[in-house]
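Computed from heavy atoms alone, side chains included, the values below leave out hydrogens, waters and symmetry copies. Counting starts at 1 for both ligands and their atoms, following the listed order.
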Amino acid sequence: MSGAALSVRDVSWRPGRGALLLDRVGFELEAGRVLGVAGANGAGKSTLLRLLYRFHRPVTGAVHLDERDIWSMPARDCARKVAAVLQEQPTEFALSVREIVALGRRPHSSGISIGGRWDTELIDAALEQMGVSAFAGRLFGSLSGGERQRVMVARALAQEPQLLILDEPTNHLDIRHQLEIVALIGALDITVVTSLHDLNLAARVCDEVLLLHRGRQVAHGAPEEVLTPKNIEHAYSVKVMRQELSLSRDPHLSFHL
Ligand SMILES: Nc1ncnc2c1ncn2[C@@H]1O[C@H](COP(=O)(O)OP(=O)(O)OP(=O)(O)O)[C@@H](O)[C@H]1O
């Protein structure tokens with residue numbers, strides 16, 4: 001797997017004739033970097049992600065992957081290059097975990113069958129990487145929320161994307177699996193854009209952070225430049241304390257009203 005450079009230029013989006021929910025957001029992300037998208041509930045994080053995986057078409061601006069506008073490429077090419085793990089989970093409850101992960105290979109298959117040796121190896125590797133091999137034969141619908149979340153990440157990895165979009169990937173996950181997914185994101189050599197509510201986690205895992213407030217970009221850059229008490233107070237309407245952890249000396253943010 002290798003990553004693609006992502007260029008988002010001045011994108012805006014509104015539903016139909018409604019008000020703009022995203023207003024001229026733009027950033028450049030080099031191949032292999034991890035960008036965290038932060039902001040309060042309703043700030044526009046999921047809306048921005050939807051523009052990146054070609055669910056919404058921007059009303060202004062454009063999204064380029066390796067210098068190609070994603071709307072100028074055939075839908076199938078985009079599906080090969082971009083994988084998304086969303087908060088809404090699929091309703092294919094009657095499929096097994098393995099069958100769900102195998103769906104990640106669909107954009108790469110020439111016919112309706114998925115089952116070459118390379119596909120099998122990739123599916124096995126993705127199941128293993130997400131620690132879900134043990135229940136590969138179980139029905140997806142019988143899994144817990146956290147187990148399902150890990151299966152959906154495995155499906156995205158099996159897709160061999162160049163850009164991976166994650167909408168709140170740590171939702172439903174216990175602390176061990178949160179740490180594991182954070183380690184996995186850090187170890188992938190593809191480009192990743194992830195929304196995250198936990199700002200301390202965002203500071204640890206992301207190379208860059210984009211902070212949104214009411215559909216507008218407040219700041220974009222290195223986590224320590226963006227996640228300042230001033231920016232967070234503006235974006236979330238909370239008071240912020242920044243401390244240094246005594247052992248690791250890592251900065252740690254705490255919040256109060
Ligand atoms: N298709 C739509 N039609 C009308 N309003 C929408 C539509 N999609 C999103 N919105 C509204 O746009 C705003 C931004 O939504 P979005 O889901 O992008 O926020 P978010 O930052 O991801 O929030 P959260 O942290 O709660 O998941 C919200 O007020 C939402 O209700």
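In this structure, Trp13 and His56 have parallel ring planes: the angle between them is below the 30° cut-off, well short of the 60° mark.
Only the side chain of Leu21 comes within contact range of ligand 1, with a heavy atom under 4.0 Å; no backbone atom does. At a heavy-atom cutoff of 4.0 Å, ligand 1 is contacted by no atom of Glu168, backbone or side chain. Counting heavy atoms under 4.0 Å from ligand 1, residue Ala40 touches it through the backbone alone.
Salt bridge present: Glu67 and Arg9 bring a charged side-chain N and a carboxylate O closer than 4.0 Å.
Arg214 CZ to His234 NE2: the interatomic distance, rounded to the nearest 0.5 Å, is 8.0 Å.
In terms of protein heavy atoms, atom 26 (O) of ligand 1 is closest to Asn41 ND2, 3.1 Å. Of all protein heavy atoms, the one closest to atom 14 (C) of ligand 1 is Gly42 O, 3.3 Å. Summary of contacts: the protein heavy atom closest to atom 27 (O) of ligand 1 is Gln87 NE2, 4.0 Å.
Counting only distance, with no hydrogens or angles, the side chain of Glu168 and the backbone of His197 share a donor-acceptor pair below 3.5 Å.
Taking a distance limit of 4.0 Å, we find that atom 22 (O) of ligand 1 is approached by some protein heavy atom.
Checking only distances, Pro15 never comes within under 3.5 Å of ligand 1, N or O to N or O. Distances between N or O atoms of Ala43 and those of ligand 1 include at least one value under 3.5 Å. Taking distance alone, with nitrogen or oxygen atoms compared against 3.5 Å, Trp13 stays at or beyond that limit from ligand 1.
Not a single heavy atom of Gly39 lies less than 4.0 angstrom from ligand 1.
Here the side chains of His172 and Glu147 are not in contact, with every heavy-atom distance at 4.5 Å or above.
More than 12 non-hydrogen atoms from other residues, nucleotides or ligands lie less than 6.0 angstrom from CD of Glu121.
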